[in-house]
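Here the structure comes first, spelled out in structure tokens, and everything after it is commentary.
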Amino acid sequence: MLGRQEALDERKAQRESPTEPTAEWVLGPEAGLDRSALHRGHLGELQVLVRYWNGGWMAHAARCPHALGPLDETSPAEDGTIACPWHGYRFDLATGQEQAKRCGALATYPCTITSNGNLVVALPQP
Ligand code: FES
């Protein structure tokens with residue numbers, strides 16, 4: 001589980017010495033990835049979670065945009081949302097929007113499978 005103090009420390013460090021996030025995270029051969037597991041990684045200093053759900057890979061920020069709650073212990077509901085364990089806000093995995101618009105959207109990142117079969121998570125193109 002991702003702790004609150006760890007999240008605050010990371011956010012403080014990012015604000016004090018911002019760095020350009022790495023443009024992509026190559027998870028490796030998609031055929032060899034455990035589809036039942038949650039994959040944790042980084043785009044630069046951004047913590048990212050990758051999960052297989054409803055027939056496809058999806059990636060999103062590891063922390064809730066409301067108050068940095070950990071999203072690594074929640075699973076998607078039938079309606080395609082995940083609930084933050086701290087205050088229960090629900091985020092649509094497809095759009096990142098919080099259902100009741102109580103806070104900003106959860107950052108989501110595109111996942112692609114390259115021609116050589118690797119799963120890649122990348123920052124959205126401007
Ligand atoms: S920290 Fe996630 S809903 Fe408040």
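Heads up: numbering here begins at 1 and tracks the sequence. Counting convention: from 1, in listed order, for ligands and their atoms alike.
- Pairs passing the ring-ring contact (aromatic ring centres under 6.0 Å, His included) check and including a residue from residues 64-85, sequence neighbours excluded, read His66-His87, His66-Tyr89.
- Taking the side chain as every heavy atom from C-beta outward, Leu46 and Leu123 approach each other to under 4.5 Å.
- You'll find the side chain of Thr81 reaches within 4.5 Å of the side chain of Gln99, heavy atoms only.
- Counting heavy atoms from C-beta on, the side chains of His39 and Leu27 come closer than 4.5 Å.
- Around atom 4 (Fe) of ligand 1, protein N, O or S atoms at less than 2.8 Å comprise His66 ND1, His87 ND1.
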Let me have the donor-acceptor pairs involving side chains of residues 100-108, under 3.5 Å, with sequence neighbours excluded, atom names and distances please.
residue : atom : partner : partner atom : Å
Arg102  : NE   : Glu98   : OE1          : 3.4
Arg102  : NE   : Glu98   : OE2          : 3.3
Arg102  : NH2  : Glu98   : OE2          : 2.7

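- Legend: residues meeting side-chain contact (heavy atoms from CB on, under 4.5 Å) with Ile113, ordered by chain and number and at least two apart, are Glu30, Leu119.
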